[in-house]
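This report concerns only the one structure given below.
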Amino acid sequence: MNIVLIGTGRMGRIVREQAEAHGHKIILTVDRGSAGALAGKPAADAVIDFSGPGALPQVLDYLRQTGTAYVCGTTGYSDDETSLIREIAKFSPVLYSGNFSLGVAVVKRMLETYSPFLTEAGCDCEIVETHHKSKKDAPSGTARLLRAAISSDENVGIHSLRGGTVCGIHQVNFFGQDETVTLTHEATSRAIFAKGALTAACSLAHRKAGWYSFEEIIFGGNDNECSGTDQLHKQLR
Ligand SMILES: NC(=O)C1=CN([C@@H]2O[C@H](COP(=O)(O)OP(=O)(O)OC[C@H]3O[C@@H](n4cnc5c(N)ncnc54)[C@H](OP(=O)(O)O)[C@@H]3O)[C@@H](O)[C@H]2O)C=CC1
Ligand SMILES: O=C(O)C1=N[C@H](C(=O)O)C[C@H](O)C1
């Protein structure tokens, strides 16, 4: 795959490393210092975005012009920015996820299926998310997606801790009468997110414009046509 990489920070570096290790090519990188780098550029197989909300306007212009597949893991978007990402699915295949790990996808499924047994029995649910001290947004994108899996209103509290070099810990607590249930996911390396995003990019590269979910890519069968990513896909499953 020929990939345009948005963001060259902690995630951008590991996406590049994993992409090149699996035979893909980063044909263009964009960071804050290269505003406008996408203008007039031809289509790629995929855009992978781990940057900041400020990069969105130039990325959307590029997608509108080229129809390139868009895999976005950036968090901290406003509701308006999130709507713009949804709208671009008219032009490109788009997959947005606040977390590209297999483990969080499984925890999300568990919550969708089983959390009603606890919340309907009166449990109070509180999420605690812990990240490295350089993380810019709070609450984390993962905490938001886990909350959405539990409840459509905002009666689930989210508590954010920042410190050291923690890649990401999410703890979902259900406090009931005389019992507590806690589900914990801990990412011990950012490689898991990079592999998930590359798997998604390979799967999306040949699809028609539309909105796709990470779960349908990893649980819905391996139909990606990109052999370099088969191995990543197996690691994720
Ligand atoms: N969905 C997932 O699975 C995961 C999502 N993330 C998310 O990915 C994002 C990036 O994380 P991380 O790599 O740790 O952050 P870093 O701060 O290390 O890197 C961010 C990168 O984005 C660039 N950037 C920021 N704003 C702009 C802009 N306006 N235009 C162009 N480039 C910009 C920065 O450029 P410069 O250095 O020039 O400022 C930098 O290269 C965060 O939102 C984070 O929450 C992280 C891990 C997993
Ligand atoms: O910024 C990070 O580091 C991470 N961000 C994502 C989030 O906001 O949930 C995913 C992961 O937890 C790491």
Side-chain angles (χ1 to χ4, degrees), residues 1-89 91-101 131-142 144 160 162-168 187 189-202 204-205 228 232:
M1 262 191 312
N2 284 340
I3 298 169
V4 170
L5 181 60
I6 316 294
T8 57
R10 282 171 291 268
M11 276 307 299
R13 286 193 291 275
I14 197 146
V15 170
R16 172 184 282 279
E17 186 185 298
Q18 289 291 331
E20 290 175 350
H22 290 86
H24 305 299
K25 198 168 165 195
I26 306 295
I27 56 166
L28 180 66
T29 56
V30 176
D31 59 21
R32 214 185 295 267
S34 50
L38 285 171
K41 291 289 187 304
D45 294 310
V47 172
I48 299 183
D49 185 340
F50 288 97
S51 61
L56 192 61
Q58 67 156 321
V59 174
L60 295 182
D61 282 347
Y62 174 76
L63 298 176
R64 215 171 280 117
Q65 280 155 24
T66 64
T68 300
Y70 184 40
V71 172
C72 182
T74 301
T75 57
Y77 290 115
S78 66
D79 289 347
D80 285 351
E81 287 164 337
T82 304
S83 300
L84 291 174
I85 295 173
R86 281 199 167 267
E87 280 169 25
I88 205 67
F91 300 88
S92 291
V94 176
L95 191 158
Y96 176 80
S97 178
N99 195 298
F100 278 101
S101 72
H131 285 87
H132 55 94
K133 63 185 173 194
S134 305
K135 183 165 175 61
K136 295 193 175 78
D137 58 310
S140 68
T142 309
R144 288 166 184 258
S160 301
R162 297 287 176 266
T165 58
V166 180
C167 281
S189 158
R190 291 184 179 85
I192 187 73
F193 307 130
K195 289 174 186 174
L198 282 163
T199 297
C202 265
L204 246 62
L232 294 177

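All of these numbers come straight from a predicted model, not from anything done at the bench.
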From the options Asn2, Ile3, Ile48, select the one residue that forms a side-chain contact (heavy atoms from CB on, under 4.5 Å) with His24.
-> Ile3
For [X] against [Y], the heavy-atom pair lying closest together:
| X | Y | value |
| --- | --- | --- |
| Arg162 | Ser140 | NH2-N, 4.3 Å |
| Ala46 | Ala201 | CB-CB, 3.8 Å |
| Gly12 | Leu5 | O-CD2, 3.4 Å |
| Gly141 | Thr75 | CA-CG2, 3.7 Å |
| Leu95 | Ala200 | CD1-CB, 3.8 Å |
| Ala37 | Gln58 | N-OE1, 3.7 Å |

Can you check whether Tyr70 reaches Pro93 side chain to side chain, under 4.5 Å on heavy atoms?
-> no
Go through the side-chain N and O atoms of Asp80 and Ser78 and say whether any donor and acceptor fall under 3.5 Å apart.
-> no
Starting at [atom1] of [X], measure out to [atom2] of [Y] and round the result to the nearest 0.5 Å.
| X | Y | atom1 | atom2 | answer |
| --- | --- | --- | --- | --- |
| Ile14 | Lys195 | CD1 | NZ | 8.5 Å |
| Tyr62 | Ile6 | OH | CD1 | 8.5 Å |
| Asp61 | Leu56 | CG | CG | 9.5 Å |
| Tyr96 | Tyr77 | OH | OH | 6.5 Å |
| Gln18 | Met11 | CD | CE | 9.5 Å |
| Met1 | Ile26 | CE | CD1 | 8.0 Å |

Sidechain-backbone polar pair: [X] side chain, [Y] backbone, donor-acceptor under 3.5 Å:
| X | Y | answer |
| --- | --- | --- |
| Ser92 | Thr68 | yes |
| Thr74 | Asp49 | yes |
| Thr142 | Gly98 | yes |
| Thr8 | Asp31 | no |

Decide side chain to side chain contact (heavy atoms under 4.5 Å, CB included) for Arg10 and Ser134; before the verdict, give the C-alpha distance in whole Å, the side-chain angles of both, and the deciding distance to 0.1 Å.
-> CA-CA 10 Å; Arg10 282 171 291 268; Ser134 305; 3.5 Å; yes
Carboxylate-amine/guanidinium contact Arg16 Glu20, below 4.0 Å | yes
Start with the C-alpha distance between Leu60 and Arg64, add both sets of side-chain angles, then the distance that settles side chain to side chain contact (heavy atoms under 4.5 Å, CB included), and finish with yes or no.
-> CA-CA 6 Å; Leu60 295 182; Arg64 215 171 280 117; 3.9 Å; yes
Should Phe100 and Ile192 be marked as a side chain to side chain contact (heavy atoms under 4.5 Å, CB included) after you check the CA-CA gap, both sets of side-chain angles, and the distance that decides it?
-> CA-CA 7 Å; Phe100 278 101; Ile192 187 73; over 6 Å; no
Could you go step by step and tell me if Val59 and Ile88 meet the side chain to side chain contact (heavy atoms under 4.5 Å, CB included) rule?
-> CA-CA 10 Å; Val59 174; Ile88 205 67; over 6 Å; no
